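Working notes, structure below.
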Amino acid sequence: MSFDKITVPSEGEKITVENGELRVPDNPILCFIEGDGIGPDIMTASKRIWDAAVEKAYNKSRKIAWMEVYSGEKAASVYDGNYMPEETFDALREYLIGIKGPLTTPIGGGFRSLNVTLRQVLDLYSCVRPVRWYKGVPSPLKRPDEVDVVIYRENTEDVYAGIEYEAGSPENERLARFLREDLGANFFEGAGIGIKPISEFGTKRHVRAAIKYAIQHDRKSVTLVHKGNIQKFTEGAFMKWGYEVAAAEFPDETISWDDVAANHGGKVPSGKILIQDVIADIIFQKMILRPSEFDVLATPNLNGDYLSDAVAAEVGGVGIAPGANIGDAVALFEATHGTAPKYSNLDKVNPGSLLFSGVMMLEHIGWQEAADLITSAYERTLDQKIVTYDFARQMDGAVEVRTSEFATAVIRNMDA
């Protein structure tokens with residue numbers, strides 16, 4: 001496939017899929033979107049670290065061939081005002097794996113979220129957010145080491161489907177009239193109206209992915225997070241369909257809490273993954289009071305959005321929280337925070353979120369040795385109290401450094 005603005009690196013090879021498994025060459029082409037605001041600073045620093053780790057872990061026998069694709073403000077400058085060019089979608093479908101910095105999303109008007117557009121167009125139906133504490137990171141919890149969860153947030157349905165109608169618009173008035181006159185709904189005049197679709201198909205493929213992750217990574221439980229006590233036919237159905245896919249497709253690997261309580265004296269049998277559920281508002285409390293009781297959390301879209309940021313705050317904030325959007329073949333890893341435009345081009349901010357999203361990407365393509373090298377070097381750097389400004393203001397005796405200097409310190413600590 002040829003592109004208009006995208007340059008395919010001549011020294012790289014495509015990642016392919018064979019029998020449902022990735023086939024990764026020693027010089028894979030990986031896409032990257034630089035991002036807006038602080039994106040260039042953190043992407044430059046993170047790429048240096050990823051490349052150094054790959055070179056060291058594999059004694060120069062492997063190397064990433066980076067291919068820049070465009071979205072956001074840089075895309076608009078390259079594609080005459082188009083923030084989301086079609087060939088970016090084509091490139092990600094063709095080359096399968098990519099990583100992106102934060103992208104501009106206007107509030108209250110303008111174009112829709114570029115992040116949501118990428119997820120929906122590429123059908124990246126699961127947002128995966130591992131949240132764990134790294135030694136030395138400032139945390140408000142007494143025992144942040146007890147937080148080690150992977151949040152699977154459904155990515156394509158719920159209120160993020162974008163089905164909403166502005167108050168006063170003809171579409172809104174037509175829908176409001178139908179809801180009141182035909183279905184007997186009762187709500188205030190002049191209300192904006194949004195539709196919240198949650199389907200059996202979307203739920204089951206998402207929960208299926210969460211259970212497969214739990215099996216592959218020796219996790220102990222998958223918790224279905226929902227507000228089914230109030231929203232019975234959307235979030236309640238999410239819970240019901242989640243239990244169904246576990247029982248129908250993973251009967252040898254999983255067990256429900258009802259089965260545990262009724263037949264096993266309240267103790268999960270060895271080798272079984274517990275499938276349980278919890279009301280959405282209660283999980284926020286439990287993740288503060290008893291975080292060690294949870295492992296993989298499978299949620300609808302909006303609940304997962306709230307929860308992933310809240311749990312990240314327990315271990316240092318979204319500044320170091322990684323994330324990925326994963327479909328059947330394409331996977332797009334991302335910084336989970338915003339663009340922080342007031343810090344643009346200041347070489348100041350913490351690259352941790354994007355850095356560890358890249359660690360997830362390396363794990364995804366099977367390059368675990370490089371991923372582990374980054375994690376250990378990062379923790380060693382924090383032990384030395386070499387940090388960017390956000391951590392420096394919370395740590396006694398910290399050495400505050402720039403984004404680029406932090407990257408240099410992490411790379412240096414790979415040799416320790």
Side-chain angles (χ1 to χ4, degrees), residues 1-35 42-71 85-101 118-119 121-126 128 130 209 212-213 216-217 322-335 351 354-377 407 410-411 414:
M1 177 180 290
S2 61
F3 301 102
D4 180 22
K5 305 294 186 181
I6 296 171
T7 301
V8 179
S10 58
E11 70 277 12
E13 297 180 47
K14 288 182 187 178
I15 294 175
T16 58
V17 176
E18 185 177 318
N19 297 323
E21 300 289 334
L22 290 181
R23 292 291 179 262
V24 182
D26 287 338
N27 57 339
I29 295 173
L30 298 182
C31 302
F32 76 95
I33 296 170
E34 189 173 58
I42 61 174
M43 183 63 76
T44 299
S46 296
K47 282 172 64 185
R48 285 178 55 212
I49 296 171
W50 300 327
D51 286 341
V54 169
E55 179 178 319
K56 184 171 182 61
Y58 305 111
N59 197 25
K60 300 184 179 181
S61 64
R62 293 178 178 177
K63 184 177 181 180
I64 296 170
W66 294 106
M67 182 172 79
E68 184 171 15
V69 300
Y70 302 94
S71 182
E86 188 63 35
E87 72 173 11
T88 292
F89 297 123
D90 293 338
L92 288 166
R93 292 187 188 102
E94 179 82 7
Y95 291 91
L96 301 182
I97 310 296
I99 189 162
K100 71 176 187 66
L118 282 161
R119 295 165 189 164
V121 171
L122 295 170
D123 200 24
L124 306 176
Y125 52 81
S126 288
V128 184
K212 285 182 177 179
Y213 179 94
Q216 292 166 359
H217 293 84
N325 302 290
I326 298 177
D328 289 330
V330 179
L332 183 61
F333 299 80
E334 64 178 355
L354 185 64
L355 176 64
F356 282 109
S357 297
V359 168
M360 289 179 68
M361 180 174 66
L362 292 171
E363 292 173 338
H364 186 74
I365 66 173
W367 290 11
Q368 189 67 49
E369 298 84 358
D372 291 343
L373 191 59
I374 294 170
T375 299
S376 60
V410 172
I411 293 168
M414 292 179 190

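The basis for the numbers below is simple: all heavy atoms, side chains too, and nothing from hydrogens, waters or symmetry mates. Numbering of residues begins at 1 and proceeds along the displayed sequence. Given the structure is predicted, the values throughout are model-derived calculations rather than measurements.
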| message | Going by the rule salt bridge (charged side-chain N to carboxylate O under 4.0 Å, His left out), which residues pair with Glu94 if we only count those two or more places apart in sequence or in a different chain? | response | Lys14
| message | Using the salt bridge (charged side-chain N to carboxylate O under 4.0 Å, His left out) criterion, which residues pair with Asp123? Sequence neighbours excluded. | response |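 Result, salt bridge (charged side-chain N to carboxylate O under 4.0 Å, His left out) vs Asp123: Arg205.
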| query | According to the salt bridge (charged side-chain N to carboxylate O under 4.0 Å, His left out) rule, which pairs have a member within residues 51-62, sequence neighbours left out? | reply |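 For residues 51-62, and leaving out neighbouring residues, the salt bridge (charged side-chain N to carboxylate O under 4.0 Å, His left out) pairs sorted by first residue read Asp26-Arg62, Lys56-Asp415.
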| With a 4.5 Å heavy-atom cut-off, do Glu87 and Ile6 have their side chains touching? |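 They are in contact (side-chain heavy atoms under 4.5 Å apart), so the answer is yes.
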| Flag side-chain contact, heavy atom, 4.5 Å: Ile99 against Leu30 |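 Side chain of Ile99 against side chain of Leu30, heavy atoms only: no contact under 4.5 Å found.
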| task | Validate the cation-pi geometry between Lys100 and Phe333: distance from NZ or CZ to the six-membered ring centre under 6.0 Å, angle to the ring axis within 45°. | result | no
N/O donor-acceptor pairs under 3.5 Å from side chains in residues 359-373, not counting sequence neighbours:
from	atom 1	to	atom 2	distance (Å)
Glu363	OE2	Gln368	NE2	3.3
Gln368	NE2	Asp372	OD1	2.8
Glu369	OE1	Tyr58	OH	2.7

| query | With sequence neighbours left out, what residues match Arg93 under side-chain contact (heavy atoms from CB on, under 4.5 Å)? | reply |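 Scan of Arg93 (side-chain contact (heavy atoms from CB on, under 4.5 Å), adjacent residues dropped) gives Glu86, Phe89, Asp90, Val121, Leu122.
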Measure across [X] and [Y] and return the closest heavy-atom pair with its distance rounded to 0.1 Å.
| X | Y | value |
| --- | --- | --- |
| Ala91 | Cys31 | O-SG, 4.2 Å |
| Leu124 | Val330 | CD2-O, 3.3 Å |
| Ser357 | Ala335 | OG-N, 4.1 Å |
| Ile374 | Ala53 | CG1-CB, 3.5 Å |

Could you give the distance from [atom1] ([X]) to [atom2] ([Y]), rounded to the nearest 0.5 Å?
| X | Y | atom1 | atom2 | answer |
| --- | --- | --- | --- | --- |
| Leu118 | Asn325 | CG | CG | 8.0 Å |
| Leu354 | Ile42 | CG | CD1 | 4.5 Å |
| Met43 | Trp66 | CE | CH2 | 7.5 Å |
| Ile326 | Ser126 | CD1 | OG | 7.5 Å |
| Asn27 | Ile64 | CG | CD1 | 11.0 Å |
| Leu22 | Thr16 | CG | OG1 | 8.0 Å |

| Is it true that Glu68 and Lys5 make a salt bridge, defined as a side-chain N closer than 4.0 Å to a carboxylate O? |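 No salt bridge links Glu68 with Lys5.
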| Steps toward side chain to side chain contact (heavy atoms under 4.5 Å, CB included) verdict (Ile411, Arg48) | CA-CA 8 Å; Ile411 293 168; Arg48 285 178 55 212; 4.0 Å; yes
| How are the rings of Tyr95 and Phe3 set to each other: parallel, tilted or perpendicular (split at 30° and 60°)? |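 Rings of Tyr95 and Phe3: tilted, 30 to 60°.
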| field | Qualifying residues under side-chain hydrogen bond (donor to acceptor under 3.5 Å, both in side chains), relative to Tyr125, sequence neighbours excluded | value |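 Tyr125 satisfies side-chain hydrogen bond (donor to acceptor under 3.5 Å, both in side chains) with Asp328 only.
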